[in-house]
2 protein chains.
Amino acid sequence: MVTNKGLSVSKNQIQRLPMYLNHLKKLRDAGFTQISAPQVAKDLGLHVEKVKKDIALVSSSLGTPKSGRNIDDLIADITSFLNYDEITPAIIIGCGQLGRALLGYRGFDEYGLDIVAGFDINPELVGQDLFGKTIYALEDLPMIRKKYKVDIGIITVPGSAAQEAANALVDAGILAIWNFAPAHIQVADKIIVHDENMASSLAVLSHRLSAKMSSKK
Amino acid sequence: MVTNKGLSVSKNQIQRLPMYLNHLKKLRDAGFTQISAPQVAKDLGLHVEKVKKDIALVSSSLGTPKSGRNIDDLIADITSFLNYDEITPAIIIGCGQLGRALLGYRGFDEYGLDIVAGFDINPELVGQDLFGKTIYALEDLPMIRKKYKVDIGIITVPGSAAQEAANALVDAGILAIWNFAPAHIQVADKIIVHDENMASSLAVLSHRLSAKMSSKK
DNA sequence: TAGATTGTTAATCGATTAACAATC
DNA sequence: TAGATTGTTAATCGATTAACAATC
């Protein structure tokens, strides 16, 4: 368990922080200057206690009873906690539909992520520019990784090619993998793998829906 | 909490089932006919006890000590539990990069999901066909929903348009929303919302990475 | 002051992990 | 038979939720 201020930070808490940040920015842009935990909880549909603890965890200042906290300060605290003010370079393997969607997604700037290059095995794609980013052949991976000091690799290849892509990333010296391919990849323990599993997500949604439908009958 | 065979089914368990299914199919295609919980646990890097419980939950037959279960039977059981053998129609709002990636993703077939139509506010896109699916104007939403009896709506619009898209879906009679937009949407309690939050995912990955980096120093 | 909000400590809840008897 | 695997019950762990004193 990772710690901050001597308190442990859970995965769930880290997941909630970008949601708070997003909402706080919206409130700030709407002209608000103060925010309280009960307000955030109400807006996002969360329990107050959870929000209070999450905020206390990342905030550099104590809140003021009755009025809460200054929005700008809290935004700055969350931004810094999530390292959004530092630019983290990443590369992406697989420039099909999903790969292109991620390459072209401008929102990553806001999260401090910069996809510096794409890779693909399709010779027709190699050498092309997409959204201002060059697509390279896999053999250039070690070179690009070194050049931009990249630690994060994103996999958006078909499931059947995922393991191969993971191997290429690890061999090139990547430390963390964000895997969008519908396949389990096996890598050394020291490599961090985060699976973005559409099938799992969809399963949860479908199950909730069918539970609802059958309860209605 | 939903129940199966009198046992409760947790969200985490449902998320793991597609991973098992995927892995089992791979093993089946490689020629295996039997599978044991310890084997699955080892392959996917999970605890045996977890896998045993998950499998017992969805399996229609008792496993055989020492040899485990027949792979085909288990695949059939998970497939049926996840309702993958029924086709669930869905529509998608927002046919930008991400929307197209989802529209064109063939893997959804395997999960029983069929995206029957796309919607966009861009008049240049409306009327076009993408991957054999027609893009409609938002005003056609109620008609298409009725025609295909759609319960699931997928949102892939920019964050600023997410609430509007959600409102349109709910007004048209959609029951569940799969939200890929980086924004919290507010809908009636009875509507099921599942957020696919890239920022949250990335935050977890980045945090693990930076924890690792600092521990290395 | 009164009351809303804060931070923190305690209770509850649920999921994971451990332990173990049954059995092919 | 011996041993691996099963299903199930108990213990542990962590996160959520509840409760409450402090304070602006």
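Just so we're clear, the structure is a prediction, and the values are computed from it rather than from any experiment. Chain letters run A, B, ... following the sequence lines, proteins first and then strands; every chain starts at 1.
Taking both residues in full, the closest heavy atoms of Leu46(B) and Arg16(B) are given as CD1-CD, 4.1 Å, listed atom of the first, atom of the second, then distance.
Using a 3.5 Å distance cut-off with no hydrogens or angles, the side chains of Asn22(B) and His184(A) do not pair a donor with an acceptor. A donor-acceptor pair shorter than 3.5 Å cannot be found between the side chains of Arg69(A) and Thr64(A). Asp85(A) and Thr79(A) share no side-chain donor-acceptor pair at under 3.5 Å.
When the P atom of dA15(C) is taken as reference, atom CD1 of Ile14(B) falls 10 Å away, rounded to whole Å. Note: CD (Gln39(B)) to P (dT6(D)) measures 11 Å, nearest angstrom. Lys11(A) places its NZ atom 14 Å from the C1' atom of dG14(D), with the value rounded to the nearest Å. Counting to the nearest Å, the C1' atom of dA4(C) and the CD1 atom of Ile35(A) are 14 Å from each other. In this entry the distance linking CG of Leu57(A) with C1' of dG7(C) reads 13 Å, nearest Å. Distance, Ile55(B) CD1 to dT5(D) P: 12 Å, rounded to whole Å.
Nearest to the side-chain atoms of Ser36(B) among the listed nucleotides dG7(C), dT5(C), dT5(D) stands dT5(D).
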Query raised in the report: Can you give one letter per nucleotide of nucleotides 16-24 of chain C, 5' to 3': B if a protein heavy atom sits under 4.0 Å from the base, S if only from the sugar-phosphate, - if neither?
Result: SBBB---BB

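At least one side-chain heavy atom of Phe108(B) sits under 4.5 Å from a side-chain heavy atom of Leu102(B). Considering only heavy atoms from C-beta on, Pro182(B) comes within 4.5 Å of Tyr111(A) through its side chain. Using a 4.5 Å heavy-atom cutoff, the side chains of Ile144(B) and Phe119(B) are in contact.
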Report summary line: For DNA chain D, the expected dot-bracket line (Watson-Crick or G-U under 3.5 Å, [ ] crossing, | inter-strand) is ..||||||||||||||||||||||

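The aromatic rings of Phe180(B) and Trp178(B) sit tilted, their planes meeting at an angle between 30° and 60°.
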